[in-house]
Structures are given as structure tokens and as C-alpha cells.
Amino acid sequence: MSTEQTAFTRPAARLTHAGALVALNAAVAKAQAMGVPQNISIVDEGGNLLAFVRMDGAKLLSRETSVSKAISAASHRQPTSRLDPALELKLAIAAGGRLTNLEGGFPIILDGLCVGGIGVGSGKGAEDVEVAKAALAAIGAEV
């Protein structure tokens, strides 16, 4: 690649579907061990859904929050619980309802690069966080 080309591009790591499935399976295993059925969403760095499961018994509407948590975490490259509560309504309106500061969303950061996000919903906030962290640990992502 020429110097001119590198001035207009940047290297990008990508989360593969295989990586997303490893994370998803680890999250499911953790949720089962806890006895807390969950909705688990994994998106790539652009917020595109790579993997999803609604475990038996998980709350139906938590499907939407799990996707929003994953997208929010990937978009802001930080856990959803760190988004400023004072901006919650404005961010949600500006993002068409897709942005949230509910606990349970984490960016997927590998080697310092954000390659996606995970969102977990249907349990209590602390339970959602625990399940998400198990998924991150399974693929060696930063927690």
C-alpha cells in the first residue's frame, strides 16, 4: 500500500461470526449457571447484528433493550452504564430510540480496537453485567 493510500485508510480488525458465537455461547452458559434466562445480542463495530439468542423464559421486550445496549456500547466504545444520565432522553430521541444507558452493554475491545458490542437484558442490571462479562472473557476482550 502506498503512503498516499494509507493516508486515506486505516487498519481494521473485525469480529467474525465465529468469535460472536464463542461469546454468545459463553454468555448463555453463564446465564444458565445463574438461572437467569437472558436476551443476548452481539453486534459488529457498525452496530450490525452478528448473533442473538432469546433464552427460554427471557422477557420478550428485553430483546429490544439487549440490541440497544449492544449498539450503544459499540457506538460509544464504553459500557452503557457510563453514558451520562442527564443526556438519556436527548440521546434516545437523537438515535431513534436505539441508544440507552441501561446496565448490561459493553464494547468488545480486542487489542485496543473496538470490534463490536454485546448487550444483555432480562435479568437485574448486575446479572446482565455478569453475563456480558463472561462473554467478553471467553474471547479475550477487555472488561
Side-chain angles (χ1 to χ4, degrees), residues 1-34 36-55 58-143:
M1 202 176 257
S2 73
T3 304
E4 184 176 299
Q5 287 173 319
T6 57
F8 302 124
T9 63
R10 58 189 151 129
R14 303 271 188 231
L15 182 62
T16 64
H17 78 275
L21 291 176
V22 168
L24 184 71
N25 287 328
V28 168
K30 182 65 173 180
Q32 286 174 329
M34 294 170 59
V36 181
Q38 296 279 20
N39 289 284
I40 304 159
S41 299
I42 299 175
V43 299
D44 66 13
E45 75 287 351
N48 302 296
L49 191 62
L50 291 177
F52 170 81
V53 67
R54 178 175 175 254
M55 296 173 65
K59 296 172 187 167
L60 176 63
L61 288 178
S62 292
R63 175 182 61 117
E64 302 305 320
T65 60
S66 75
V67 173
S68 293
K69 290 175 186 184
I71 292 170
S72 298
S75 173
H76 286 270
R77 278 125 173 92
Q78 65 181 348
T80 51
S81 61
R82 289 191 193 155
L83 295 175
D84 185 353
L87 299 175
E88 180 178 13
L89 185 58
K90 290 178 183 179
L91 290 172
I93 291 169
R98 300 303 288 177
L99 204 57
T100 183
N101 66 352
L102 294 171
E103 286 182 292
F106 287 87
I108 300 174
I109 299 176
L110 297 168
D111 297 324
L113 297 172
C114 182
V115 297
I118 181 167
V120 179
S122 191
K124 295 176 184 160
E127 293 167 332
D128 297 350
V129 166
E130 195 173 338
V131 170
K133 286 183 175 181
L136 296 174
I139 58 173
E142 295 176 22
V143 178

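Here the structure is a predicted model, which is why all the values come from computation and not from measurement. Just the heavy atoms: all of them, side chains too, but no hydrogens, waters or symmetry mates, feed the values below.
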Practice item. To the nearest 0.5 Å, tell me how far I71 CD1 sits from S66 OG. Key: 9.5 Å
Check your understanding: Is a side-chain N or O of R63 found less than 3.5 angstrom from the main chain of V67, in a donor-acceptor match?
Key -> no
Review point. In Å and rounded to the nearest 0.5 Å, what is the CE to CD1 distance from M55 to I40?
Key: 6.0 Å
Could you give the side-chain donor-acceptor pairs of residues 16-25 under 3.5 Å, partners two or more places apart or in another chain?
residue: T16; atom: OG1; partner: A18; partner atom: N; Å: 3.4
residue: T16; atom: OG1; partner: G19; partner atom: N; Å: 3.0
residue: N25; atom: ND2; partner: L21; partner atom: O; Å: 3.2

Review point. Just by distance, do the side chain of T65 and the backbone of G121 share a donor-acceptor pair under 3.5 Å?
Key: no
**Study point:** From L15 atom CG to I139 atom CD1, the distance as rounded to the nearest 0.5 Å
**Key:** 5.5 Å
Check your understanding: To the nearest 0.5 Å, what is the distance between CD (E142) and CD1 (I108)?
Key -> 12.0 Å
Point to revise | Main-chain N/O of K124 paired to E127 side chain as donor or acceptor, under 3.5 Å | key: yes
**Study point:** Sole candidate of K59, K69, K30, K133 that passes salt bridge (Lys or Arg N to Asp or Glu O under 4.0 Å) when paired with D128
**Key:** K69
Point to revise | For the student: nearest non-hydrogen atoms of S62 and S122, plus distance | key: OG-CA, 3.5 Å
Check your understanding: Roughly how far apart are I42 CD1 and I118 CD1, rounded to 0.5 Å?
Key -> 4.5 Å
**Study point:** Neighbour count above 12 (heavy atom, 6.0 Å) for D84 CG
**Key:** yes
Check your understanding: Is it the case that more than 12 heavy atoms not belonging to R82 sit under 6.0 Å from its CZ atom?
Key -> no
Practice item. Answer yes when E45 and R14 have at least one side-chain N-carboxylate O distance shorter than 4.0 Å, and no when they do not. Key: yes
Check your understanding: If you round to the nearest 0.5 Å, how far is CG of L83 from OG of S72?
Key -> 6.5 Å
**Study point:** Under 3.5 Å donor-acceptor, E103 side chain and T80 backbone
**Key:** no
Exercise for review: Would you indicate whether the side-chain heavy atoms of N39 and F52 approach each other to under 4.5 Å?
Suggested key: yes
